[in-house]
Amino acid sequence: MLKLFNTMSRKMEEFSPLNKNEVTYYACGPTVYDFAHIGNLRTYIFEDILKRTLLFNGYSVKHVINITDVGHLTSDNDTGEDKIEQSARIESKNAWEIADFYAAAFKSDLAKLNILAPDIWCKATDHIDEQIALIKKLEKKKYIYKISDGLYFDTSKFKKYGQLARLSIAGQEAGARVALNPEKRNPTDFAVWKFSPPTPSISPPYQGGDQRGGQRQMEWETPWGRGFPGWHLECSAMSMKYLGETIDIHAGGIDHIPVHHTNEIAQSEAATGKQFVRFWLHGDFLTISAEGGSAFGGDENRMGKSEGNFITLKTLAEKGFEPLVYRFFCLSAHYRSKLNFTWKALENAKNSWEKLKTKFLNLGRQTGKVDVEFLKKFIDAINEDLSIPQAMAIMWDVFSADILDADKRATILEFDKIFGLQMAEMKEEEQAVVPEEVNELVEKRRQARQKGKWEKADDLRRQIESLGWQVEDTADGERIKKVIRN
Ligand code: AMP
Ligand code: ZN
């Protein structure tokens with residue numbers, strides 16, 4: 001029996017889908033104004049593990065990921081610039097090109113991380129009609145009011161407002177969104193449609209290359225006025241279109257609890273009168289600490305696009321870390337715990353990954369039978385709210401167990417259906433575990449160099465070479481390579 005922690009009840013609950021064999025699963029996609037950072041990607045790795053666990057349990061899964069290509073403003077209180085339009089302005093490009101470019105980059109990142117593609121990708125700009133229809137439905141039920149900059153949802157009319165985030169009315173008043181628009185009836189009211197600044201209309205897709213003096217490129221005509229949808233609306237409209245009015249699972253990062261998901265629930269349930277989502281799952285943050293006096297400042301900070309501590313898969317590749325090493329690193333923490341990123345921690349994950357490869361390849365090429373005892377323990381771990389660190393520990397135990405190598409191989413390959421580390425494709429020539437002793441010497445050499453002790457650094461380099469390793473200094477730090485002897 002699969003148990004999942006439901007953010008709505010704050011409890012572990014036994015999972016079963018509404019329709020016996022098919023799980024409906026919606027994951028909030030990225031806002032495509034820049035490359036995804038590895039914090040975003042941690043969330044998609046968690047969501048992938050969830051999907052693989054559902055599949056492992058014999059369910060078929062209908063999985064939707066949206067692409068937010070309009071409406072996500074730079075501030076959560078419905079003010080600020082549209083992130084896509086801002087990026088277009090900064091990069092001197094067309095907003096449609098910006099969205100297409102970063103959406104493609106995102107899909108390519110998911111593929112590199114061996115994240116299973118969803119059944120449906122859907123873009124907010126392709127579903128304007130559905131969003132307008134949803135507003136009309138809400139308007140008929142008197143949840144919508146119009147002010148000078150747009151149409152707003154009156155949260156005081158939705159009695160269960162804020163339940164997901166445990167928002168109290170007092171908390172809302174005192175909350176972060178103090179910069180209250182004086183025309184809004186309640187601080188928590190949110191825009192479902194924002195009006196464009198008053199300029200001549202253009203119809204999408206916008207073909208021009210100039211920025212039209214900072215005016216919007218993405219906008220649509222509606223009965224209420226020309227403009228664009230609020231960010232939360234797209235997820236409600238697309239989730240309902242593809243998965244139905246009540247879905248089994250909706251997932252995202254924890255930052256979505258207080259505003260985005262809270263508002264999705266309000267407008268969806270107000271429109272249909274039905275429960276919107278049965279299981280809400282949220283992944284905790286990837287944080288990043290200041291390491292060795294890096295420019296990031298503070299420690300244990302959330303990684304974020306606007307926080308300026310932004311690392312992408314490309315940055316990792318430039319430093320010699322393949323995407324699957326990052327996936328392996330993410331598997332070291334439970335999805336509901338914070339995971340702190342440091343280069344040292346990633347280096348450790350890489351060494352552990354290399355060790356795993358060596359051990360796995362040493363099992364030979366024959367695949368025997370999956371060990372029933374180990375499989376049972378493994379299923380117990382993953383079905384207990386995706387306890388991947390425990391599942392990993394069970395995998396290490398398989399290596400040292402008293403069973404045939406071929407059976408170990410079969411068992412570990414079975415586990416890899418969840419881990420997604422592409423172990424069946426591991427190759428001999430990629431084995432290169434840097435011994436701890438060498439790592440320590442490299443660290444001592446780095447310190448010697450920082451202090452200008454060049455002779456000592458040279459001596460350490462010779463010691464490293466005598467152990468059969470080579471250290472190369474690059475603009476991105478040291479690269480350690482095994483000396484190949486003929
Ligand atoms: P966005 O593109 O900002 O809409 O974010 C895409 C996804 O990444 C959302 O599910 C966010 O909750 C998630 N996310 C953002 N920052 C982090 C972080 N530092 N760690 C983990 N997930 C994050
Ligand atoms: Zn969403």
Side-chain angles (χ1 to χ4, degrees), residues 7 25-50 64-76 82-84 86-87 98-99 102-103 105-107 109-110 113 115 118 122-124 127 131 164-165 190 229-243 247 249-268 276-277 280-289 296 298 300-312 326 329-330 333-341:
T7 310
Y25 175 25
Y26 187 96
C28 286
T31 308
V32 283
Y33 67 106
D34 203 335
F35 292 105
H37 58 67
I38 57 172
N40 300 131
L41 295 171
R42 180 188 181 201
T43 290
Y44 296 99
I45 292 171
F46 137 61
E47 290 167 350
D48 185 53
I49 297 286
L50 170 59
V64 174
I65 304 184
N66 68 296
I67 296 285
T68 299
D69 55 354
V70 69
H72 194 169
L73 304 186
T74 50
S75 155
D76 268 351
D82 187 314
K83 292 186 181 192
I84 311 282
Q86 184 185 52
S87 192
I98 288 284
Y102 289 115
F106 175 71
K107 290 178 188 176
D109 281 354
L110 294 199
L113 289 164
I115 290 173
C122 46
K123 292 199 295 182
H127 296 80
Q131 296 177 74
L164 181 74
F190 56 91
W231 168 38
H232 320 298
L233 191 67
E234 61 168 280
C235 286
S236 293
M238 295 192 284
S239 174
M240 285 193 237
K241 170 167 178 175
Y242 294 109
L243 301 173
I247 69 162
I249 302 179
H250 193 124
I254 49 165
D255 53 324
H256 283 171
I257 299 172
V259 182
H260 183 53
H261 289 165
T262 289
N263 293 345
E264 280 185 36
I265 294 171
Q267 65 202 357
S268 307
F276 176 45
V277 170
W280 284 97
L281 269 82
H282 292 97
D284 207 331
F285 287 140
L286 181 79
T287 55
I288 181 158
S289 71
F296 296 150
E300 303 258 314
N301 295 322
R302 165 191 175 184
M303 184 175 288
K305 287 176 190 170
S306 40
E307 277 77 1
N309 54 14
F310 187 139
I311 293 174
T312 61
Y326 180 65
F329 169 71
C330 288
H334 188 263
Y335 77 92
R336 283 194 290 118
S337 306
K338 291 202 187 336
L339 174 60
N340 193 47
F341 177 87

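For the numbers below, each heavy atom of this structure counts, side chains included, while hydrogens, waters and symmetry mates do not. Every number for a ligand or one of its atoms is a count from 1 in the order of the listing. Quick note: residue numbers are just sequence positions, from 1.
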Do ligand 1 and [X] have nitrogen or oxygen atoms that lie under 3.5 Å from each other?
X	value
Phe285	no
His72	no
Met303	yes
Trp231	no
Gly253	yes
Arg42	no
Gly304	no

Please list the nearest protein heavy atom to [atom] with its residue and the distance rounded to 0.1 Å.
atom	value
atom 20 (N) of ligand 1	Leu286 N, 2.8 Å
atom 16 (N) of ligand 1	Arg302 NH2, 3.1 Å
atom 7 (C) of ligand 1	Tyr44 OH, 3.5 Å
atom 9 (C) of ligand 1	His256 CE1, 3.5 Å
atom 21 (C) of ligand 1	Gly39 O, 2.9 Å
atom 12 (O) of ligand 1	Asp255 OD1, 2.4 Å

- [ ] Give a rough value, rounded to 10 degrees, for the angle at the Zn ion (ligand 2) between atoms NE2 of His260 and SG of Cys28.
- [x] 120°
Open item on the list: Quick one: does any side-chain atom of Tyr25 pair with a main-chain N or O of Glu47 as donor and acceptor, under 3.5 Å?
Closed with: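 Looks like yes, one N/O pair under 3.5 Å.
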Open item on the list: Main chain of Gly29, side chain of Asn66: is a donor-acceptor contact present, judged purely on distance under 3.5 Å?
Closed with: yes
So, do [X] and [Y] sit near enough that their side-chain heavy atoms are less than 4.5 Å apart?
X	Y	result
Val64	Ser239	no
Tyr326	Arg42	yes
Leu73	Asp82	yes

TODO: For the Zn ion (ligand 2), decide whether Cys235 has an N, O or S atom at a distance under 2.8 Å.
DONE: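 A backbone or side-chain N, O or S atom of Cys235 is under 2.8 Å from the Zn ion (ligand 2).
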Task: His232 N/O/S atom closer than 2.8 Å to the Zn ion (ligand 2) - done: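 No, since none of the N, O or S atoms of His232 sits under 2.8 Å from the Zn ion (ligand 2).
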TODO: Look at the rings of Phe310 and His37 and say which category their plane angle falls in: under 30° parallel, 30 to 60° tilted, over 60° perpendicular.
DONE: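 Plane angle over 60°, so perpendicular.
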- [ ] Could you label the plane-to-plane angle of the Tyr44 and Phe106 rings as parallel, tilted or perpendicular, counting under 30° as parallel and over 60° as perpendicular?
- [x]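 Ring orientation, 0 to 90° scale: perpendicular.
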- [ ] Decide yes or no on side chain to side chain contact (heavy atoms under 4.5 Å, CB included) for Trp231 and Asn263, but give the supporting numbers first.
- [x] CA-CA 10 Å; Trp231 168 38; Asn263 293 345; over 6 Å; no
Task: Atom indices of ligand 1, in the order listed, that fall short of 4.0 Å to a heavy atom of Thr43 - done: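 Selected atoms, number and element: 10 (O), 13 (C), 21 (C), 22 (N), 23 (C).
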Task: Short side-chain donor-acceptor distance under 3.5 Å, His256 and Glu264 - done: no
Task: Nearest-0.5 Å distance that lies between atom CZ in Phe285 and atom CG in Asn40 - done: 10.0 Å
Open item on the list: To the nearest 0.5 Å, what is the distance between CG on Asp284 and NE2 on His334?
Closed with: 11.0 Å
Task: Heavy-atom nearest option to atom 5 (O) of ligand 1, drawn from Thr31, Asn40, Asp284 - done: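 Considering heavy atoms of Thr31, Asn40, Asp284, the nearest to atom 5 (O) of ligand 1 sits in Asn40.
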Open item on the list: For the Zn ion (ligand 2), give me the closest N/O/S atom belonging to Glu264, just the atom name.
Closed with: OE2
Open item on the list: With ring pair (Phe, Tyr, Trp, His ring centres under 6.0 Å) as the criterion, how do Trp280 and His260 come out once you've worked through the C-alpha distance, each side chain's angles and the decisive distance to 0.1 Å?
Closed with: CA-CA 13 Å; Trp280 284 97; His260 183 53; 9.0 Å; no
TODO: Say whether His37 and ligand 1 are in contact under the criterion: heavy-atom distance to a ligand atom below 4.0 Å.
DONE: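 Right, His37 reaches ligand 1.
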